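Remember, predicted model here, so these are calculated numbers, not experimental data. Below, read A as the first sequence line, B as the second, and so on, with proteins coming before strands; counting in each chain starts at 1.
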2 protein chains.
Amino acid sequence: MKRKGNIDSSDRRVRYTKMMIRQSFLSLISERPISKISVTDICNQADLNRGTFYAYYKDPNDLYQQIKESLLEEIETPIESIIDTSSLYDLLLNVFTSIEQNKDLCTIVLSNNSDQEFISQILNLVRNKFIGLWHERVPMIPLKTLNYLFTFTANGSMGVLKEWLTNDVKDDTPEMMAALVEQMSSNAFLSYLTGDHNLTK
Amino acid sequence: MKRKGNIDSSDRRVRYTKMMIRQSFLSLISERPISKISVTDICNQADLNRGTFYAYYKDPNDLYQQIKESLLEEIETPIESIIDTSSLYDLLLNVFTSIEQNKDLCTIVLSNNSDQEFISQILNLVRNKFIGLWHERVPMIPLKTLNYLFTFTANGSMGVLKEWLTNDVKDDTPEMMAALVEQMSSNAFLSYLTGDHNLTK
DNA sequence: AACAAAAATAAACAGTTTGTTCATTTCTTT
DNA sequence: AAAGAAATGAACAAACTGTTTATTTTTGTT
C-alpha cells in the first residue's frame with residue numbers, strides 16, 4: 001500500500017494507527033518471543049487492516065527497532081542531565097528507583113531474552129560522557145583503559161540490576177543497591193588512581 | 001514422520017543426519033538471525049528431506065537449544081577443573097586465549113544478538129564454585145553480597161570480553177586482557193576484605 | 001551374504017502467513 | 001463543503017509449516 005502523503009503524521013488517523021500497532025505489539029511481546037508474533041497477530045489485536053501495517057513497517061522486527069529507537073531518544077536527555085549535575089550514587093539511585101516503579105515494563109525490556117544490542121546502545125548513550133569526566137580527573141590513564149573500565153563497570157552494574165529485577169525486590173531497597181553498585185564500580189578504578197597501569201605498555 | 005527405533009543413535013545414518021543439520025544451521029546462523037532461518041532452508045543446505053528434520057527437532061529454535069545444551073556440557077568439566085587448580089589470572093588467560101583461537105565461532109555465539117540467557121547459563125556454571133571459594137576466604141561477607149559481587153564481576157568481564165572480540169584484537173594480547181580484567185575484578189572486592197559492608201544492614 | 005529393522009526419501013495435503021495490489025469507503029484538514 | 005489522504009476489504013500468488021503416506025535405501029546383526 002503506497003503512501004503518497006506527508007511523512008510527519010500530522011494526521012490524527014496516522015497517530016492513532018501507530019499507537020494501536022505499538023500498543024498491540026507490546027501486549028503481544030509480553031507473552032511470546034518476537035519471532036512468534038505475526039503481522040496478522042498484531043493487526044487482529046489492534047483491529048486494523050493488515051495492509052495498513054505494511055504502510056508503516058517492513059515487518060514486526062522493523063517495528064521493534066523503531067520502538068527501541070524512540071525509547072532511546074526519550075531517555076537520552078534526562079540521563080545526560082543527571083550525569084552532569086549529580087554524583088554516581090545519585091544517578092544509580094535514580095535508575096534503581098525508576099526501574100522499581102516501572103517493574104512490569106522493565107522486566108520485559110531487560111529480561112533474559114532481551115537483546116544485548118539494545119542494552120549496549122543505552123550504555124553507549126553515557127559512555128563518552130563518563131570517559132570524558134574520568135579523563136579530566138585522571139588524565140594519566142590511557143583512553144583505551146578508561147574505555148574498558150567503563151565497559152566493565154557498566155556491564156557489571158547492568159548485570160546486578162537485572163538480577164535484582166529478577167529476584168524478589170522487596171528485601172533490597174534501591175538505596176542499598178545503589179550503594180553496593182557505587183562501591184563496586186569505584187573499587188574497580190581504585191588502583192588506577194595512583195599507579196601507572198597502561199594496557200598497552 | 002514417526003520414529004520407532006532406539007534413541008541412542010547408534011545408527012550411522014542418524015549421526016550423519018544430525019551432524020548435517022547442525023552444520024547447516026551453524027552456517028546459516030552466521031548470516032542471518034534465527035527467526036529468518038526456515039526448516040526448508042536448513043534442509044536445502046544440508047541436502048536432507050524436510051520430514052527428516054521433524055523426526056529429531058520441533059523447529060529451528062528447538063535445534064538451537066539442543067546445540068547450546070551440548071556446548072554447555074562440553075565446557076563444564078574443563079572449566080571447573082581450571083578453577084580448582086589455577087589462579088583467577090590463569091583462568092582468564094585460558095578463556096581469552098581459547099576465544100582468540102576460535103574467534104569465528106565465538107563471535108557468533110557471543111555476538112551482540114546472542115541471547116543473554118545462554119551467557120547467564122555459562123556464568124552460572126562457575127557461580128557456586130566461586131562463591132564457595134570466596135566464602136571460605138572471607139566468611140564475614142554475607143552470601144547475598146558475594147552473589148552480587150559475582151554477578152558484577154562476571155558480567156563486567158563478559159562485557160570486556162565481547163568488546164575485545166568485536167574490536168580489532170591484535171593490539172591487545174590475551175595476557176594484557178587477562179591482567180586488566182583480573183585487576184578490575186580484584187579491585188571490586190577490595191574494600192569488602194576489611195570493612196563490614198552488609199547489603200542488608 | 002542375507003534378512004529384518006530402522007531411517008531417509010519423495011510426494012502430497014490443508015492450513016498459515018506473507019507481501020502486494022486494487023477499488024471503495026471513511027476521515028481530516030483547511 | 002470539497003479535496004486529499006488514510007484506512008478498509010477483498011483478492012492474489014508465493015512460501016513455509018507440520019503431518020501423512022507409500023517407497024526406497026541403508027544399517028546392524030546373524
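- Helical stems involving DNA chain D, defined as 3 or more consecutive Watson-Crick or G-U pairs under 3.5 Å, span C:1-12 with D:19-30, C:14-18 with D:13-17, C:20-30 with D:1-11.
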Begin with the C-alpha distance, continue with both residues' side-chain angles, and end with the deciding distance and a verdict on side chain to side chain donor-acceptor pair (under 3.5 Å) for B/R127 and B/N147. CA-CA 8 Å; B/R127 172 172 237 123; B/N147 206 52; 3.1 Å; yes

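- In this structure, the CZ atom of A/F53 is 14 Å from the P atom of D/dT8, given to the nearest Å.
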One pair to check against side chain to side chain donor-acceptor pair (under 3.5 Å): B/E163 and A/N155. What are the steps and the verdict? CA-CA 11 Å; B/E163 189 167 302; A/N155 278 278; 6.0 Å; no

Residues B/L63, B/F53; criterion side chain to side chain contact (heavy atoms under 4.5 Å, CB included); working and verdict: CA-CA 9 Å; B/L63 166 62; B/F53 179 94; 4.0 Å; yes

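- A donor-acceptor contact shorter than 3.5 Å is absent between the side chain of B/S86 and the backbone of B/I83.
- No donor-acceptor contact under 3.5 Å links the side chain of A/N49 to the base of D/dA7.
- For the segment residues 32-42 of chain A, residues with any heavy atom less than 4.0 angstrom from an atom of DNA chain C are, sorted by number, A/S38, A/V39, A/T40.
- With sequence neighbours excluded, no residue forms a ring pair (Phe, Tyr, Trp, His ring centres under 6.0 Å) with B/Y64.
- Legend: salt bridge (charged side-chain N to carboxylate O under 4.0 Å, His left out) pairs involving residues 79-91 of chain A, not counting sequence neighbours, sorted by first then second residue: A/E80-A/K129, A/D84-A/K129.
- With respect to B/D41 and B/R32, a salt bridge is recorded, a charged nitrogen being found less than 4.0 Å from a carboxylate O.
- OP1 or OP2 of C/dT26 has not a single side-chain nitrogen or oxygen of A/Y16 nearer than 4.0 Å.
- Taking the six-membered ring for Trp and the full ring otherwise, the centers of A/W164 and B/Y148 sit at least 6.0 Å from each other.
- Here A/N187 contributes atom CG and A/Q183 contributes atom CD; the two are 5.0 Å apart, rounded to the nearest 0.5 Å.
- Taking atom OH on B/Y56 and atom P on D/dG18, their separation rounds to 18 Å, with Å as the unit.
- Contact between the side-chain N/O atoms of A/T52 and the OP1/OP2 oxygens of D/dT8 is found at a separation under 4.0 Å.
- For C/dT18, the OP1/OP2 oxygens have no side-chain nitrogen or oxygen of A/Y57 closer than 4.0 Å.
- Side-chain atoms of A/N102 come within 3.5 Å of backbone atoms of A/S98 as a donor-acceptor pair (strictly under, hydrogens ignored).
- Side-chain atoms of A/S185 do not come within 3.5 Å of backbone N or O of A/T153 as any donor-acceptor pair.
- Taking atom CG of residue A/L63 and atom C1' of nucleotide C/dG19, one finds them 17 Å apart after rounding to whole Å.
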Counting primed atoms, P, OP1 and OP2 as sugar-phosphate and everything else as base, the B/S/- map of nucleotides 23-30 of chain D against protein heavy atoms under 4.0 Å is --BBSS--

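- Rounded to an integer number of Å, the gap from CG of B/L28 to C1' of D/dC16 is 15 Å.
- With sequence neighbours left out, the side chain to side chain contact (heavy atoms under 4.5 Å, CB included) criterion links B/K58 to B/D62.
- The residue B/D47 sits close only to the backbone: its heavy atoms come under 4.0 Å of sugar-phosphate atoms, none of a base.
- Summarising the geometry, the separation between NZ on A/K18 and C1' on D/dA7 is reported as 15 Å, rounded to the nearest angstrom.
- The side chain of B/R50 sits closest to C/dA12 out of D/dT8, C/dA7, C/dA12.
- Going from atom OH of B/Y54 over to atom P of C/dA10 covers 16 Å, rounded to whole Å.
- Put simply, CD1 on B/I21 is 13 Å from P on C/dA7, counting in whole angstrom units.
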